[in-house]
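Below: the structure, in structure tokens.
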Amino acid sequence: MSAPNPMRPYVGTLVDTKDLATNIRLFRIRIDDPEEHERFAVWKPGQFLFLSTLGYGEAPFGFANIPAFGPAVEVAIHNVGHVTSHIHMLPIGSKVGVRGPLGNCFPMDEVTGKDIVVLGGGIGGAPLRPVIQHIKAHRADYGHLTIFWAARSPDLLVFTDEYEEWQAMPDTEMHVTIDRPAEGWTGNVGLITEILEQIGPSPQNTVAITCGPPIMIHFVGLTLAKLGFTTDQMLATLEARMHCGIGKCGRCNVGEKLICRDGPVFWQSEIKEFLERAL
Ligand SMILES: Cc1cc2nc3c(=O)[nH]c(=O)nc-3n(C[C@H](O)[C@H](O)[C@H](O)COP(=O)(O)OP(=O)(O)OC[C@H]3O[C@@H](n4cnc5c(N)ncnc54)[C@H](O)[C@@H]3O)c2cc1C
Ligand code: FES
């Protein structure tokens, strides 16, 4: 059988939605043809898909779950513009197009036996949820897990109803912080870099995985370096405006590399200059 055309979207149905935070909603999509769903349901933590709605276009989103954690594809979408605002208005049962899985993934096999530090900022937490789910499903393969979870304000924290479950995982700690004090908030206040420095996870046999805007990745990288991490112990996922998503149009380049083809997951050593330019 010939390989499926990567530009042809599968037809899927929106089966469920859930509000996660202000203007951020989780969408559960089932690909209509069971054979196509099975072919699609091999995505790995860190990969992404293109979601399209007829008449509005398509946009890339990171997978927010792993296939083992539910039969549907899950994506957490921040309503920021043309396509995302339309997706936010779709009623359950709407038909959507799904293209993927695309891009590389977090090298979860390469980092077995290591302690893992996960750092998510705002909607950037969404592509890290599959990492946490993967570690949960293969708990004995990884060492200590430290989760740093941040947002500008409490109403922008995603997956709040899962924190208890994550913290209850063996050998796991979680630190949640918001940037500025907010009424009714009794948890940590301060940037993710501050709490990271304060907790100070050891770099020994550890890999840090960060997802958020480039400025956050950059400053988290500097703090990790202060703690003794090298850029070969830091993984991050990048975002860019994309068209094709399959390395053909050249829209998403970072120097010689294309985020859609060579990423979106990179070792920080590969993207250091890009992050410095993005400041
Ligand atoms: C690999 C990858 C994974 C992503 N994962 C997620 C995710 O899990 N959840 C999520 O909500 N979003 C994610 N995004 C970002 C998402 O693709 C954009 O928010 C979306 O394309 C905006 O489309 P729009 O038509 O609604 O916005 P537009 O109307 O096109 O633009 C609205 C605003 O958003 C800005 N913008 C648009 N696209 C991007 C982008 N890629 N990066 C930064 N700013 C952008 C524009 O400059 C503009 O200011 C991801 C992007 C990539 C490349
Ligand atoms: S989006 Fe076309 S090359 Fe990456």
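This is a predicted model, so every value here is computed, not measured. Both counts, for ligands and for their atoms, begin at 1 and track the order of listing.
Polar contact with ligand 1: absent for S85 (N/O pair, distance under 3.5 Å). Note: an N/O pair closer than 3.5 Å links V83 and ligand 1 by distance alone. Not one N or O of I77 is nearer than 3.5 Å to an N or O of ligand 1, by distance alone.
Using a 4.0 Å cut-off between a side-chain N of Lys or Arg and a carboxylate O of Asp or Glu, K95 and D32 qualify as a salt bridge. In summary, R152 and D179 do not engage in a salt bridge, as defined by a charged side-chain N under 4.0 Å from a carboxylate O.
Here A240 has backbone heavy atoms under 4.0 Å from ligand 1, and that is the only part of it that gets that close. When heavy-atom distances to ligand 1 are checked against a 4.0 Å cut-off, I123 comes that close only through its side chain, counted from C-beta outward. When heavy-atom distances to ligand 1 are checked against a 4.0 Å cut-off, F48 comes that close only through its side chain, counted from C-beta outward. The proximity of A76 to ligand 1, defined as any non-hydrogen pair under 4.0 Å, is limited to the backbone.
Distance check on atom 36 (N) of ligand 1: some protein heavy atom falls below the 4.0 Å cut-off.
A donor-acceptor pair under 3.5 Å links the side-chain atoms of N205 to the main chain of G113, judged by distance alone.
A 4.5 Å side-chain heavy-atom check between I87 and F61 finds at least one atom pair inside the cut-off.
Under 2.8 Å from atom 2 (Fe) of ligand 2 lies no N/O/S atom of C252, from backbone or side chain alike. Atom 2 (Fe) of ligand 2 has no N, O or S atom of H243 inside 2.8 Å of it.
Contact atoms of ligand 2 toward G247: 3 (S) (distance under 4.0 Å to a heavy atom of the residue). Contact atoms of ligand 2 toward C260: 1 (S), 3 (S), 4 (Fe) (distance under 4.0 Å to a heavy atom of the residue). Of all atoms in ligand 2, listed by their number and element, those nearer than 4.0 Å to a heavy atom of M242 are 1 (S). Applying the 4.0 Å criterion to heavy atoms of G245 picks out, from ligand 2, the atoms 1 (S), 2 (Fe). Those atoms of ligand 2 with a heavy atom of G250 less than 4.0 angstrom away are 2 (Fe), 3 (S). Remark: ligand 2 atoms within the under-4.0 Å shell around heavy atoms of K248 are 3 (S). Using a 4.0 Å cut-off to heavy atoms of C249, the atoms of ligand 2 that qualify are 1 (S), 2 (Fe), 3 (S).
Counted by atom type alone, S153 and D155 present one or more donor-acceptor pairs between their side chains at under 3.5 Å. Between the side chains of E173 and H175, at least one donor N or O sits under 3.5 Å from an acceptor N or O.
When hydrogens are left out, the protein atom nearest atom 17 (O) of ligand 1 is P60 O, 2.6 Å; that is the closest non-hydrogen contact.
Residue pairs meeting the ring-ring contact (aromatic ring centres under 6.0 Å, His included) criterion with at least one partner in residues 83-120, sequence neighbours excluded, are F27-H88, Y56-H86.
Between H134 and Y142, the angle of the ring planes goes over 60°, which puts this pair in the perpendicular group of the 30/60° scheme.
Heavy-atom distances between V75 and ligand 1 stay at or above 4.0 Å for every pair.
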